[in-house]
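Reading through the structure tokens given below for one structure.
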Amino acid sequence: MKKFAAIALAAVLLCALTALACAEGTFRVGVKQDVYGFGYLDETTGVYEGMEIDLGAMIAEALGYDDVEYTTVTAATRGQMLDNDELDCVIATFTIKPERKESWDFSTPYYTDAVTVLVEDASGITDLAGLAGKTVGVSTGSTSAKALASAMAEAGVIPAFDADKFEIATFDGGVSFKEFDDYPAISLALDAGDVDAFCVDKSILANYKTEGRSFIDASFSPQDYGVATKKGSELSGKIEELITGWLEDGTIAGLVEKWGL
């Protein structure tokens with residue numbers, strides 16, 4: 001009996017002392033369904049694909065889970081689903097911000113992007129100055145509106161404002177914003193003329209840069225994407241070790257190359 005107890009104790013210690021968890025069951029990952037290259041759901045096959053989908057599968061395998069389950073999230077729902085224990089982590093172009101780190105844990109960034117703006121060529125808008133007095137479409141719960149307004153204020157296009165008091169719905173400092181639940185809806189609104197521009201991270205906007213559309217001549221507010229977990233989760237440290245290791249050995253660079261990001 002003592003021999004068996006010693007073996008069991010050794011197995012437990014081995015799990016605790018390695019970055020790989022002795023886990024079972026299903027690893028639940030929140031992902032995007034409408035961002036080519038990162039997280040995209042093929043409605044014909046029902047299969048998710050993209051860099052972040054691969055990353056979720058890799059984490060699940062490394063931690064010893066039996067399976068991985070992907071759930072579509074939006075900027076407005078991802079944090080709440082983590083808080084409610086509906087997900088184990090979120091890998092969904094989730095930008096790391098100081099205020100967000102107060103609510104959730106984030107890994108070291110696995111990808112860095114920047115915010116820019118997409119417009120219809122026919123609008124004649126080519127730079128930040130051209131957005132003055134216009135309505136810009138953004139995703140609900142995103143930081144893109146604040147980033148754009150700040151860039152316009154720094155460029156002297158609109159008056160300076162208190163960024164700590166910025167509210168998307170009520171901001172009227174020389175540019176206005178309209179919120180949408182997802183990116184396809186913003187793209188449709190741009191087509192219909194319901195908004196004059198579409199603002200979000202450039203890697204996301206690239207999916208909607210069709211003929212007759214262009215990026216303005218400005219990018220701003222670097223966006224670091226991290227894997228988000230519930231604050232204080234035991235998964236946080238394990239995922240951090242995996243991400244840093246894959247950054248060091250070139251694994252993540254390989255994913256970036258694979259998906260053309």
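One is the number of the first residue; the rest follow in order along the sequence.
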Are any side-chain N or O atoms of Tyr110 and backbone N or O atoms of Ile252, one a donor and one an acceptor, separated by less than 3.5 Å?
no
Residues Arg213 and Asp121: closest non-hydrogen pair is C-OD1, 3.4 Å
So CG of Asp191 and CD of Glu120: to nearest 0.5 Å the spacing works out to 5.5 Å
Quick one, Cys89 and Leu235 - any side-chain contact, counting heavy atoms below 4.5 Å?
no
For Phe38, check ring pair (Phe, Tyr, Trp, His ring centres under 6.0 Å) against everything at least two apart and list the hits.
Tyr111, Tyr225
Evaluate whether atom CZ of Phe220 has more than 12 neighbouring non-hydrogen atoms of other residues, nucleotides or ligands under 6.0 angstrom away.
yes
So, using ring pair (Phe, Tyr, Trp, His ring centres under 6.0 Å) as the criterion, who are the partners of Phe161 when residues are at least two apart?
Phe166, Phe171
Mark yes when over 12 heavy atoms from residues, nucleotides or ligands other than Asp83 sit less than 6.0 Å from its CG; otherwise mark no.
yes
Within the 3.5 Å criterion, strictly below it, is a donor on Asp67 or Thr26 matched to an acceptor on the partner's side chain?
no
Locate the shortest heavy-atom distance separating Ile186 from Ser139; write the atom from each residue and the value.
CD1-N, 3.7 Å
With hydrophobic residues grouped by side-chain heavy-atom distances under 4.5 Å, do Val31 and Val35 end up in a single group?
yes
Counting only heavy atoms from other residues, nucleotides and ligands, does the tally under 6.0 Å from NZ of Lys231 exceed 12?
yes
Donor-acceptor pair, side chain of Asp105 and main chain of Gly232, under 3.5 angstrom
yes
Which pairs count as ring pair (Phe, Tyr, Trp, His ring centres under 6.0 Å) when at least one residue sits in residues 121-149, sequence neighbours excluded?
none
Please give me the minimum heavy-atom distance between Leu247 and Pro109, naming the atom from each residue.
CD1-O, 3.4 Å
Measure across Leu55 and Leu255 and return the closest heavy-atom pair with its distance rounded to 0.1 Å.
CD1-CD1, 4.0 Å
Only pairs at least two apart or in different chains count here, so list each salt bridge (charged side-chain N to carboxylate O under 4.0 Å, His left out) that has a residue in residues 153-179.
none
How far apart are the closest heavy atoms of Phe177 and Ala145, and which atoms are they?
CZ-O, 3.4 Å
Ser203-Asp201 side chain donor-acceptor pair, cut-off 3.5 Å
no
Please name all residues satisfying side chain to side chain contact (heavy atoms under 4.5 Å, CB included) with Asp34, sequence neighbours left out, ordered by chain then number.
Lys32, Asp182, Tyr183, Pro184, Tyr208
Atom CD1 of Ile243 and atom CD1 of Ile91: how far apart are they, to the nearest 0.5 Å?
7.0 Å
With side chains defined as the heavy atoms from C-beta onward, is the minimum distance between Phe180 and Leu188 less than 4.5 Å?
no
Is it the case that one hydrophobic cluster holds both Val256 and Met58, taking links as side-chain heavy atoms less than 4.5 Å apart, direct or via other members?
yes
Between Thr140 and Thr74, is a side-chain contact (heavy atoms from CB on, under 4.5 Å) present by the stated rule, with each step listed?
CA-CA 8 Å; Thr140 301; Thr74 66; over 6 Å; no
Residues Thr244 and Thr108: side-chain donor-acceptor under 3.5 angstrom:
no
Atom CE in Met51, atom OG1 in Thr93: separation rounded to 0.5 Å?
11.5 Å
Counting only heavy atoms from other residues, nucleotides and ligands, does the tally under 6.0 Å from CG of Asp194 exceed 12?
yes
Report yes or no: does Asn84 contribute a side-chain atom to a donor-acceptor pair with the main-chain N or O of Glu86 at less than 3.5 Å?
no
same_hphob_cluster(Val115, Leu118) at 4.5 Å side-chain heavy-atom cutoff:
no
Quick check for you: to the nearest 0.5 Å, what is the distance between Thr72 atom OG1 and Gln33 atom CD?
4.0 Å
Transitive ILVMFWY side-chain link Leu190 to Leu131, under 4.5 Å:
no
Indicate the atoms forming the closest heavy-atom contact of Ile168 with Ser142, along with that distance.
CD1-O, 4.1 Å
For Lys230 and Asp85, what are the C-alpha separation, side-chain angles and deciding distance, and is it a side-chain contact (heavy atoms from CB on, under 4.5 Å)?
CA-CA 8 Å; Lys230 190 172 182 178; Asp85 292 319; 3.1 Å; yes
Would a distance-only check, ignoring hydrogens and angles, find a side-chain to backbone donor-acceptor pair under 3.5 Å from Arg78 to Gly30?
no
With the 4.5 Å side-chain cut-off for hydrophobic clustering, are Val227 and Ile204 part of the same group?
yes
I'd like to know whether Val119 forms a side-chain contact (heavy atoms from CB on, under 4.5 Å) with Asp196, so could you lay out the CA-CA distance, the side-chain angles of the two residues, the decisive distance to 0.1 Å, and finally the verdict.
CA-CA 7 Å; Val119 296; Asp196 302 296; over 6 Å; no
Residue pair Tyr70, Leu41: steps toward the side-chain contact (heavy atoms from CB on, under 4.5 Å) verdict:
CA-CA 10 Å; Tyr70 300 108; Leu41 176 61; over 6 Å; no
Just by modelled atom types, is the Lys146 backbone N or O under 3.5 Å from a matching donor or acceptor in the Ser150 side chain?
yes
Flag the pair Thr116 / Ile216 as yes when at least one side-chain heavy-atom distance between them is below 4.5 Å, and no otherwise.
yes
State the CG-CG distance between Leu148 and Leu128, to the nearest 0.5 angstrom.
6.5 Å
My understanding is that a hydrophobic cluster links ILVMFWY residues whose side chain heavy atoms are under 4.5 Å apart, including indirect links. Using that, what else belongs to the cluster containing Met81?
Val73, Leu82, Leu87, Val90, Phe94, Ile96, Trp104, Phe106
Any sub-3.5 Å donor-acceptor pair from Asp113's side-chain atoms to Lys202's backbone N or O?
yes
Quick one: CD on Glu99 to OG1 on Thr143, what's the gap to the nearest 0.5 Å?
7.5 Å
Sidechain-backbone polar pair: Lys97 side chain, Gln223 backbone, donor-acceptor under 3.5 Å:
no
